[in-house]
Amino acid sequence: MSPVRVPPLAELVNALEFEDPAKLTLTPAVFATVAGGERAAFDRITFRPRMMVPTLDLDLSVRLLAESHFTPILVGPVADQRRYHADAELATLRGAAAARTAVVVSSRSSVPVRDLVAQAKTPLWFSTYTDGDARKQVDGALSAGCKVICLAVEPSAKPDWKRIETIRRGLDVPIVVKGVMTVSDARAALDQGAKGIVVSDHGGADEDKTDPIDVLASIVDAVGGKAAVLADGSFRRGSDIVKALALGAQGVLLARPVMWSLAAYGADGVRTVLELLQNDLARNMGALGAVNLGALTRAMVRVHKR
């Protein structure tokens, strides 16, 4: 029997293939923090492709919160990345920059935010929670040079929605609220001045829970263009990302696949997994006859019942 090995990076052809190398690289306890992800919701959405549409001038770019992005794919916040690789967030930044991808930095980063900004060659957003010394953390991140603040909300949090307005008061940068899963919460975020919303269950993989993509369209409708809407939740293929974009998202956040690639291959792995997803996104858009993100519509997808 051949010994189990981490395959060369060049052998991997999609994001899903990075999970096993990460499992071989990390201890079981650490791997458990980024293992799996519930994907059944994506299987309930199918495409309605268009034929004979020229797509040679395919454009994946998007403008989010006054920033131009090469594609609608961003690296989502993950705490303490030194668990996965010795170079930690610095390797993630290098790989993301090489793939022309923005990164959302966690307030629980294993590398100080100021050091990350000093070395970053790609836009950085800063993510924290609404409790404790959130405003102090936000001020520090802005002082370091972060351009967007992402505030994560949770069901068990003690502060009410007004806490967001308290943190936001006096700031002149966009505030994004992450963790929205209902129309009422989306409206509450808008009421508190949010310029962006991330439809997210914070990485929950419980089969009994609602998946972010299942509620995405209703939240997009409720927001009505008043804020940018992004989503996370087990995106692994370009087709997954296209489905979210067709339902109205303007961007997606990736976490687990990036950590898999970081763990097994460092910065080169991060670049590779992001570029694979970018290419896969382009292929799927081409198959739908969509030459840019604005050409993606709900008519291109069909959502099937469970």
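Residues take their numbers from the sequence shown, with the count starting at 1. Just so you know, these numbers come straight off a predicted model, no measurement behind them.
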J.: In this structure, are over 12 heavy atoms from other groups packed under 6.0 Å from Arg298 atom CZ?
T.: yes
J.: Is the shortest side-chain heavy-atom distance between Val113 and Phe126 below 4.5 Å?
T.: yes
J.: Less than 4.5 Å apart, any side-chain heavy atom of Val258 and any of Val270?
T.: yes
J.: Is Thr92 close to Gln81 at the side-chain level, that is, under 4.5 Å between some pair of heavy atoms?
T.: yes
J.: In this structure, which one of Lys162, Arg168, Arg163 forms a salt bridge (charged side-chain N to carboxylate O under 4.0 Å, His left out) with Glu165?
T.: Arg168
J.: Just by modelled atom types, is the Arg82 backbone N or O under 3.5 Å from a matching donor or acceptor in the Ser110 side chain?
T.: yes
J.: With no hydrogens and no angle check, just 3.5 Å: does a side-chain donor-acceptor pair link Arg114 and Ser143?
T.: yes
J.: Can you name the nearest heavy-atom pair linking Leu288 to Met300, along with the distance?
T.: O-CE, 3.8 Å
J.: Quick one: pull up CH2 in Trp260 and OG1 in Thr25 and give me the separation to the nearest 0.5 Å.
T.: 13.0 Å
J.: Under 3.5 Å, is there a donor-acceptor pair between the side chain of Arg39 and the main chain of Ser234?
T.: yes
J.: Are Lys23 and Glu19 within salt-bridge range, i.e. N to O under 4.0 Å?
T.: no
J.: On a heavy-atom basis, which atom in Ala264 and which in Ala22 lie closest, and how many Å separate them?
T.: CB-N, 4.1 Å
J.: Using the rule that Ile, Leu, Val, Met, Phe, Trp and Tyr join whenever any side-chain heavy atoms are under 4.5 Å apart, tell me whether Trp161 and Tyr129 fall into a single cluster.
T.: no
J.: One pair to check against side-chain contact (heavy atoms from CB on, under 4.5 Å): Asp211 and Phe42. What are the steps and the verdict?
T.: CA-CA 9 Å; Asp211 293 296; Phe42 292 109; over 6 Å; no
J.: In this structure, would Val291 and Val301 fall into the same cluster of hydrophobic residues linked by side-chain contacts under 4.5 Å?
T.: no
J.: Has Gln137 got a side-chain atom pairing as donor or acceptor with Thr128's backbone, closer than 3.5 angstrom?
T.: no
J.: Side chains of Arg256 and Arg236, heavy atoms from C-beta outward: is any pair under 4.5 Å?
T.: yes
J.: Heavy atoms only: give me the nearest Arg271-Ala98 pair and the separation to one decimal.
T.: CD-CB, 3.3 Å
J.: Given Ile219, which of Leu216, Asp221, Val223 fulfils the side-chain contact (heavy atoms from CB on, under 4.5 Å) condition?
T.: Val223
J.: Looking at CZ of Phe235 and CD1 of Ile213, how far apart are the two atoms once the value is rounded to the nearest 0.5 Å?
T.: 5.0 Å
J.: Under the criterion side-chain contact (heavy atoms from CB on, under 4.5 Å), I'd like the reasoning laid out for Thr166 against Arg169: C-alpha separation, chi angles, the key distance, then a yes or no.
T.: CA-CA 5 Å; Thr166 300; Arg169 190 178 300 133; 4.1 Å; yes
J.: How far apart are the C-alpha atoms of Leu171 and Arg135, what are their side-chain angles, what is the distance that settles it, and do they pass the side-chain contact (heavy atoms from CB on, under 4.5 Å) test?
T.: CA-CA 10 Å; Leu171 301 181; Arg135 180 55 192 259; 3.3 Å; yes
J.: Are side-chain heavy atoms of Arg100 and Leu274 found at a separation under 4.5 Å?
T.: no
J.: Can any side-chain N or O of Glu38 pair as donor or acceptor with the backbone N or O of Ala40 at less than 3.5 Å?
T.: yes
J.: Find out whether Pro174 and Glu67 are in side-chain contact, i.e. whether some heavy atom of one side chain is under 4.5 Å from a heavy atom of the other.
T.: no
J.: Taking all non-hydrogen atoms of both residues, which atom of Val104 and which atom of Cys150 are closest, and how far apart?
T.: CG1-CB, 4.5 Å
J.: Can a donor-acceptor pair be found, under 3.5 Å and without considering hydrogens, that links the side chain of Lys243 to the backbone of Ile45?
T.: yes
J.: Please tell me if the side chains of Phe18 and Pro257 come closer than 4.5 Å, counting only heavy atoms from C-beta onward.
T.: no
J.: Any salt bridge between Arg187 and Asp191, counting N to O under 4.0 Å?
T.: no
J.: How long is the span from the CD1 atom in Ile167 to the CG atom in Leu151, to the nearest 0.5 Å?
T.: 5.0 Å
J.: As an exercise, state the distance from OG1 of Thr101 to CD1 of Ile73, rounded to the nearest 0.5 Å.
T.: 6.5 Å
J.: Regarding Asp280 and Arg283, does a basic nitrogen lie under 4.0 Å from an acidic carboxylate oxygen?
T.: yes
J.: May I ask you to decide if Glu17's main-chain N or O and Asn14's side chain share a donor-acceptor pair within less than 3.5 Å?
T.: yes
J.: Going through the distances and angles, do Leu16 and Arg237 end up as a side-chain contact (heavy atoms from CB on, under 4.5 Å)?
T.: CA-CA 8 Å; Leu16 288 161; Arg237 298 186 182 278; 3.0 Å; yes
J.: State whether a side-chain donor-acceptor pair under 3.5 Å links Ser239 with Asn284.
T.: no
J.: Indicate if Leu65 and Val138 have the same hydrophobic cluster label, given that clusters are the connected sets of ILVMFWY residues with side-chain heavy-atom separations under 4.5 angstrom.
T.: yes
J.: With a 4.5 Å cut-off on side-chain heavy atoms, are Val153 and Ile164 touching?
T.: yes
J.: If you group Ile, Leu, Val, Met, Phe, Trp and Tyr by side-chain heavy-atom gaps below 4.5 Å, do Leu253 and Phe70 land in one group?
T.: no
J.: Let me confirm one number: the CG-CG distance from Leu116 to Leu124, rounded to the nearest 0.5 Å.
T.: 7.0 Å
J.: Determine the sole option in Val242, Leu230, Val62 for which the side-chain contact (heavy atoms from CB on, under 4.5 Å) test with Pro72 is passed.
T.: Val62
J.: CH2/Trp125 to CG/Leu64 distance, rounded to the nearest 0.5 angstrom?
T.: 5.5 Å
J.: Ignoring hydrogens, what is the shortest heavy-atom contact between Ala41 and Asp214? Give both atom names and the distance.
T.: CB-OD1, 3.9 Å
